[in-house]
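The chains referred to below are lettered A, B, ... by the order of the sequence lines, with proteins before strands, and numbering in each begins at 1. Since the structure is predicted, the reported quantities are computational estimates derived from the model, not experimental observations.
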Amino acid sequence: MADRSSSLPDLPILQFEEKIAETVEKNPVVVIIGETGSGKSTQLSQILHRRGYTKSGIVGVTQPRRVAAVSVARRVAQELGVKLGEEVGYAIRFEDRTSERTRIKYLTDGVLLRESLSNPEFNEYSVIILDEAHERSLNTDILLGLMKRLVKIRSSNLRILITSATLDGNKVSKFFSDCPVLNVPGKLYPVEIVYSRERPTSYLESSLRTALKIHVQEPEGDVLIFMTGQDDIDKLVSKLEDEVRSLEEGSCMDAIVLPLHGSLPPESQVRVFTPPPPNCRRFIVATNIAETSLTVDGVVYVIDSGYVKQRGYNPSTGMYSLDVVQVSKVQADQRAGRAGRTRPGKCYRLYPSIVYQDELPDVTVPEIQRSSLAGSVLYLKSLDLSDIDILRFDFLDSPSHDSLEDALKQLYLIDAIDEDGSITSIGRTMAELPLEPSLSRTLMEANEYGCLPQALTIAAVLSAETSLLPGRSKGTEKKRRHGPDLPDGSGLGDHIQLLQIYEEWDRNDYDIGWCKENNLQVRGMLFVKDVRKQLCQIMQKTVKGTLDVRTSKSRKERRDDYRNLRKALCAGYANQLAERMTLHNGYRTIGFKSQLVQVHPSSVLGTDEQGMYPDFVVYHELVTTSRPFMRNVSAVDMKWVVPILGKLEKVNVNKLSSGGYSQIEEGNDGKIAILPKEDVSPDNVLPANESRIQAARERFLARKAKK
DNA sequence: GAGCACTGC
């Protein structure tokens with residue numbers, strides 16, 4: 001650590017100061033290829049500060065992660081000898097440490113996007129640096145598109161710098177009309193790459209063998225092993241411990257084996273930062289959290305399985321999945337680089353070099369092509385950029401036609417856009433909220449029914465849900481369902497249970513000990529509390545009265561609230577409703593493309609005397625694991641569903657995507673072309689779908705007659 | 001009766 005700060009004047013980037021300043025002076029957009037250790041994150045802002053760019057405005061630097069924004073800002077303040085929060089500051093969610101004097105501002109890309117809602121031309125900034133753009137977060141990609149538009153408007157007084165990786169620097173340059181690309185070398189030690197001769201039959205076994213070989217044959221230095229997930233990590237940790245223990249005493253040095261992944265409690269994560277005792281080698285078995293988010297010192301050997309777990313989204317079915325996929329070359333190189341931070345290292349790739357060359361994709365599929373875009377589309381529509389339409393929006397990598405259509409249909413169903421694709425006043429309010437559109441819509445509907453305080457809690461919990469409820473051990477899962485302490489949703493469903501849990505925590509004065517007793521993740525619960533507070537502050541502007549959690553009520557009043565909440569969820573999740581099959585507990589989703597799905601076994605949704613689930617449910621998420629499941633499910637009334645069926649019949653996707661102008665069409669090159677409005681066929685209204693919805697309506701009437 | 005890579009507003 002001390003080494004790094006004393007070597008500060010040698011940072012490679014400083015030798016390029018003149019060149020960088022000159023290029024920025026002459027060009028509105030510059031791409032900087034800065035390898036690890038080049039010092040770009042801390043130095044670019046200071047170079048521009050020295051060259052006077054902070055006189056006419058703020059130099060803003062985005063980071064994809066909160067911790068990075070904070071630590072880099074702290075570092076720069078220290079180097080400039082100023083107090084953090086004054087000339088140099090940072091802004092992340094829940095925490096704004098800037099002042100009127102701030103000239104260099106580090107912020108997460110999400111925060112910069114939010115800022116553009118109130119100031120779409122970023123007028124207070126003289127320079128915007130999009131750092132780590134090669135990570136291609138959804139937010140960075142949207143910002144890249146906005147910046148491309150902005151350079152045309154503010155070419156005289158705005159400078160944009162984009163830092164990227166070697167493999168896609170030219171692509172970014174091309175996107176910005178062939179802007180200059182500057183290469184700044186990094187400060188990594190050489191890393192020798194060792195490939196396997198063959199593909200492993202089991203990369204778990206192969207990692208184990210390689211790790212032991214290193215331990216026996218190689219000089220001291222820690223080993224970082226990249227695996228895909230918790231399961232494999234736990235297995236490898238225990239096998240490795242066994243094998244190391246069985247080695248002959250004194251034949252080699254001691255060893256400690258540590259797991260490292262996101263769902264470990266923070267105190268366990270910290271263990272990887274404490275240096276090992278002397279004559280002891282550490283094996284750190286990690287997910288890709290160790291690829292960028294956490295840096296472990298002392299690593300000299302890296303073992304790369306070549307795989308990563310990656311979230312996917314299928315826009316035509318609305319289904320999420322988590323798949324094990326091959327890493328990209330960028331990722332493989334990033335992993336290898338983890339071995340060369342302190343001295344020359346070695347990286348063992350558990351696959352042949354031909355696989356690296358011929359099979360691995362150059363770069364990871366950007367998040368924008370793997371996510372639901374409802375939120376991003378609504379956000380862009382709310383910016384009211386008169387000169388662009390969402391479907392003309394120029395992305396570095398366009399999302400698919402299906403994905404944009406999926407987003408538009410979803411937004412239409414929840415009244416955020418009208419049938420022509422124009423944003424509604426409801427949509428405008430929704431865009432103000434830092435939530436997925438369905439949750440924003442639920443809040444607005446709940447406000448009409450007088451249950452906003454409860455809906456705020458549900459929205460906050462759902463936006464953090466994965467890290468909230470007990471982990472995967474069987475005992476704790478049982479507790480969720482039958483535990484004496486935790487509420488059960490009164491049979492109405494998971495949304496109601498989540499509300500009840502939070503209210504119970506409130507009654508226990510937000511006690512941390514209470515969370516631990518009930519196996520609730522402390523970090524997650526505290527996050528929920530912060531989110532709820534933030535949502536209250538935003539909603540307070542449009543709402544009269546108190547939004548406190550504590551609203552002492554009678555049993556009858558609570559029952560009414562639960563009913564109204566489920567009704568509000570029905571409006572917010574109009575395209576996430578499902579109808580039960582007549583004879584068993586399977587469901588089919590109601591929507592543009594019906595899917596056969598099941599209630600996730602962890603649900604607390606109740607059944608009737610015959611053991612049957614409710615006729616209609618609203619769900620928060622569809623996930624495909626072993627089978628397609630609905631996660632977080634609550635019962636809804638069929639009479640709330642009927643008006644939505646009517647709306648589904650009316651959707652005309654061509655009109656929606658026209659945005660009032662024209663029709664979209666996907667060309668052979670995958671790019672989206674705009675056709676003149678006259679070419680829109682008037683009767684292209686999803687005929688097959690219509691008959692299916694008609695059938696659903698008939699089934700509904702039959703049910704009604706039976707009752 | 002199944003299981004959660006990593007971020008972020």
Ignoring hydrogens and angles, write down the donor-acceptor pairs under 3.5 Å from the side chains of residues 427-435 of chain A, residues two or more places apart or on other chains.
residue   : atom : partner   : partner atom : Å
Arg428(A) : NH1  : Asp384(A) : OD2          : 2.9
Arg428(A) : NH2  : Asp384(A) : OD1          : 3.4
Arg428(A) : NH2  : Asp384(A) : OD2          : 3.3
Thr429(A) : OG1  : Ser425(A) : O            : 3.2

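- Between the CG atom of Asn139(A) and the P atom of dC9(B) there is a distance of 8 Å, given to the nearest Å.
- For Asp109(A) and dC6(B), the CG to P distance is 18 Å, given to the nearest whole Å.
- An OP1 or OP2 oxygen of dC9(B) is reached within less than 4.0 angstrom by a side-chain nitrogen or oxygen of Thr108(A).
- Taking 4.0 angstrom as the limit, Thr287(A) places a side-chain polar atom (N or O) nearer than this to OP1 or OP2 of dC6(B).
- In terms of position on DNA chain B, the residue among Gln534(A) and Ser263(A) whose nearest nucleotide sits closer to the 5' end is Ser263(A).
- Residues that satisfy the side chain to side chain contact (heavy atoms under 4.5 Å, CB included) test with Asn314(A), not counting sequence neighbours, are Ser316(A), Thr317(A).
- Ring geometry, Tyr307(A) versus Tyr203(A): the interplanar angle falls under 30°, so the pair is classed parallel (tilted spans 30 to 60°).
- A close approach under 4.0 Å does not occur between any side-chain nitrogen or oxygen of Arg114(A) and OP1 or OP2 of dG8(B).
- Atom CG of Leu435(A) is separated from atom P of dC9(B) by 13 Å (rounded to the nearest Å).
- Between the side chains of Glu135(A) and Thr292(A), not a single donor N or O lies within less than 3.5 Å of an accepting N or O.
- When the P atom of dG8(B) is taken as reference, atom CG of Leu373(A) falls 20 Å away, rounded to whole Å.
- We find that OH of Tyr613(A) is positioned 9 Å from C1' of dG1(B), with the value rounded to whole Å.
- Rounded to an integer number of Å, the gap from Leu260(A) CG to dA5(B) C1' is 12 Å.
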